[in-house]
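Reviewing the structure listed below.
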Amino acid sequence: MASQISGLMSLLKEDQWRNEVGFTPEVKKTLATVLNPASQDDSIVSELNKWLQVHQPCLFGRVAAKKGLISYCLLKESDLLGPDEAMERKIQKSRRAWKKMAFDGIASGFITVLLSERLVNAVPDQTVKEIALRICSLYLHEQIEPDGVYTDRIKLEQPGSRRTTWEWLAGVNYFSSQGDKRWWQDHRFPAGIAFSVNSVGHMVKSGKLANAMRDLEEVMGTASDEFQIPKIDSLEKALELAMRTIALASEGPSGKATRLIPLPPNSRDLPKCPVQLPTILADKNYCEYIGRYHTDVTVPSEYFHPDIKRPENLPRHRLDFTYLFDQSLDNFDFNRMGEGEIIRATAKLATANEALESYRYAKRLRGVETEVEIDESLGNSDIQS
C-alpha cells in the first residue's frame, strides 16, 4: 500500500482568503489547543467536546459530547506524513475500541480527527478532497466515491441470559475547519478534517437500557451517585431534537443551509406526528425539510471549492424525518429501529448502494435496527482488540 496521504499533503495550497479573514473566535481558540504539539490527547478530546457542546448545530452531537458518548481517533501531522498502513492500523484500533463501547451502551458516536495545521490553513480543493476520500476508505475499508452515502454498523447488547443484540447502520459525514465562514459552515469542525459517525437509534436504545439498569440497581441497592440518565431515551424526543437541529442552522454567507418548511395544506394525509410538538415547531412539517446540501452524503464534492457563498447552480434537497417514527408498511427501517425484529439468525443488512435503491429516503439509512443473537452477530474483528 503506497503512502498516498503523505504525497497529497505535500500538494496542499495555502488559503489566501483565510489568511485575510481568519477564523471565528470559537474555532480559533479551540484550534490553538488541539494543534499545539504539547497538548495531550486527553486535553484535545476535552477541548473538542467543549466545542461540540456549544457550537455544534446538531443537538444529538451536543448531547453526546456532554454525556461523554463520543469516542475519538486523533491523527496528528506525524501520522499523516507516515505510511498509510500505520494510519489504517491506528484508525481500526480506535474503531474497534468504539464498537466495544457501543456494544456496552457507552458510546454512540465516533469521530476521526486530522490534526494538521497545514490542512487547517489549506484551500479546500481537489487535493483536500483526495485526502478526505483516502482517510474515509482507510476507515470503512471500502472504496469511497464523492457524493455517495456510506455507513458503518454498530451493535448494542442487552444484558441477560438471552444476550439480545441490536445492530444499526450509522451515517458517516465530513467536517472541516475550512467550512468556517463559508456557506457550509454547519459542517465546520476545529480540525483539518473530521469524519463523524453516529446513530440516533443506538442513542435512544442505549438510553432506554441505561434507565432500566438504573431502576434495577436502585432495587438491588447498588446504584451509583455518579449515574446520569441520558436525555434521549425515546424516538419521540429524537424527532423533536431533529427538528430543532434543522431550525438551529447557522446564518452563513448564503443564509441557512437547512430549514424547516410549513405543514402542507392537506397535512391530514401525512403520517400522524407521534409527539406533541412545542409551539415553535407545531406548524412545521415533521416529515420533510429542505437542505442546501444533502445531510447524508459522506464526502460532498461541493465542499471542495474555495467559494464563500453557495453557487446558485447547486440543487436543493427535500430531506426526511420519517425514519424516526413512520410505521407504515413500506418503512421497514422504522420497524427494525423502533420495536425491533426478533430473529434467531444473523441479520443481513443491505449494502449502502442496495439500501439507497430500496428505501424511499436516504436519511432512513441512519436508523436500520435489527435484533440478533450475540453469538451469531459478532465476528472476530468485533471482539478482538
Inset, instruction - Take Tyr150 and Cys136, measure what side chain to side chain contact (heavy atoms under 4.5 Å, CB included) needs, and give me the verdict at the end. - result: CA-CA 10 Å; Tyr150 295 89; Cys136 196; 5.6 Å; no
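- Residues Leu74 and Val45 meet the side-chain proximity criterion, which asks for heavy atoms closer than 4.5 Å.
- Of the charged side-chain nitrogens involved, at least one lies within less than 4.0 Å of a carboxylate oxygen, so that Asp15 and Arg182 count as a salt-bridged pair.
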Inset, instruction - Report the C-alpha separation of Tyr286 and Phe325 in whole Å, then their side-chain angles, then the decisive distance to 0.1 Å, and conclude whether the ring-ring contact (aromatic ring centres under 6.0 Å, His included) test is met. - result: CA-CA 10 Å; Tyr286 50 86; Phe325 69 91; 5.8 Å; yes
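- To the nearest 0.5 Å, atoms CG (Asp152) and CH2 (Trp168) are separated by 13.5 Å.
- Residues passing the ring pair (Phe, Tyr, Trp, His ring centres under 6.0 Å) test with Phe195, sequence neighbours excluded: Tyr174.
- Defined by atom type and a distance below 3.5 Å, a donor-acceptor pair is missing between the side-chain atoms of Thr164 and Gln158.
- Side-chain atoms of Asp186 come within 3.5 Å of backbone atoms of Ser250 as a donor-acceptor pair (strictly under, hydrogens ignored).
- Here the side chains of Met9 and Leu81 are in contact, with some heavy-atom distance below 4.5 Å.
- Within the structure, the salt bridge (Lys or Arg N to Asp or Glu O under 4.0 Å) test picks out the following pairs touching residues 30-57 (sequence neighbours left out): Asp41-Lys76, Glu47-Lys50.
- Taking OG of Ser196 as the start and CG of Leu52 as the end, the distance is 8.0 Å to the nearest 0.5 Å.
- A side-chain donor-acceptor contact under 3.5 Å links Ser206 to the backbone of His202.
- Checked by atom type and distance alone, the side chain of Ser137 pairs as donor or acceptor with a backbone atom of Glu142 at under 3.5 Å.
- The CG atom of Leu12 sits 7.0 Å away from atom OG of Ser116, with the distance rounded to the nearest 0.5 Å.
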Inset, instruction - Kindly determine whether Trp184 and Tyr293 satisfy ring-ring contact (aromatic ring centres under 6.0 Å, His included), including the steps that lead there. - result: CA-CA 8 Å; Trp184 49 280; Tyr293 54 74; 8.7 Å; no
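- Rounded to the nearest 0.5 angstrom, Thr30 OG1 and Lys28 NZ are separated by 12.5 Å.
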Inset, instruction - Take Ser301 and Lys129 through the side chain to side chain contact (heavy atoms under 4.5 Å, CB included) test and state the conclusion after the steps. - result: CA-CA 8 Å; Ser301 294; Lys129 180 164 75 171; 3.6 Å; yes
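- Taking all atoms of both residues into account, the shortest heavy-atom contact from Cys73 to Phe110 is CB-CZ, 3.8 Å.
- To the nearest 0.5 Å, the span separating OH on Tyr72 from CD1 on Ile44 amounts to 11.5 Å.
- Listed by chain and number, the residues in a side chain to side chain contact (heavy atoms under 4.5 Å, CB included) with Arg310 are Trp183, Ser254, Arg292, Leu314, Arg316 (sequence neighbours excluded).
- Atoms SG and NE2, from Cys58 and His187 in turn, are 9.0 Å apart once rounded to the nearest 0.5 Å.
- Considering all non-hydrogen atoms of both residues, Gln178 and Val120 come closest at CG-O, 4.2 Å.
- Salt-bridge formation is detected for the pair Glu240/Arg244: a Lys NZ or Arg NE/NH1/NH2 atom is positioned less than 4.0 Å from an Asp or Glu carboxylate oxygen.
- Applying the salt bridge (Lys or Arg N to Asp or Glu O under 4.0 Å) test to residues at least two apart or on different chains, the pairs with a partner in residues 102-125 are Glu77-Arg118.
- No donor-acceptor pair under 3.5 Å is formed between the side chain of Lys155 and the backbone N or O of Lys100.
- Side-chain contact, Asn198 with Ser108: no donor N or O sits under 3.5 Å from an acceptor N or O.
- Under the 6.0 Å distance and 45° angle rule, Arg95 counts as a cation-pi partner of Tyr139.
- In this structure, Lys13 contributes its side chain and Pro124 its backbone to no donor-acceptor pair below 3.5 Å.
- With no hydrogens or angles considered, no side-chain donor-acceptor pair links Gln16 and Glu20 at under 3.5 Å.
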Inset, instruction - Carefully, step by step, assess Ile193 and Ile131 under the rule side chain to side chain contact (heavy atoms under 4.5 Å, CB included). - result: CA-CA 9 Å; Ile193 288 175; Ile131 293 174; 4.0 Å; yes
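- Checked by atom type and distance alone, the side chain of Asn19 never pairs as donor or acceptor with a backbone atom of Gly22 at under 3.5 Å.
- Thr24 is linked by a side chain to side chain contact (heavy atoms under 4.5 Å, CB included) to Glu26, Val27, Asp180, Lys181, Arg188, counting only residues two or more places apart in sequence or in another chain.
- Ring planes of His317 and His294: perpendicular class, angle over 60° (limits at 30 and 60°).
- Leu140 is not listed as a side-chain neighbour of Thr298, based on a closest heavy-atom distance of 4.5 Å or more.
- Figure legend: Arg18 and Phe23 shown as a cation-pi pair, the cationic atom lying under 6.0 angstrom from the six-membered ring centre and within 45 degrees of its axis.
- Other residues sharing the hydrophobic cluster of Val54, ordered by chain and number and joined by side-chain separations under 4.5 Å: none, the residue standing alone.
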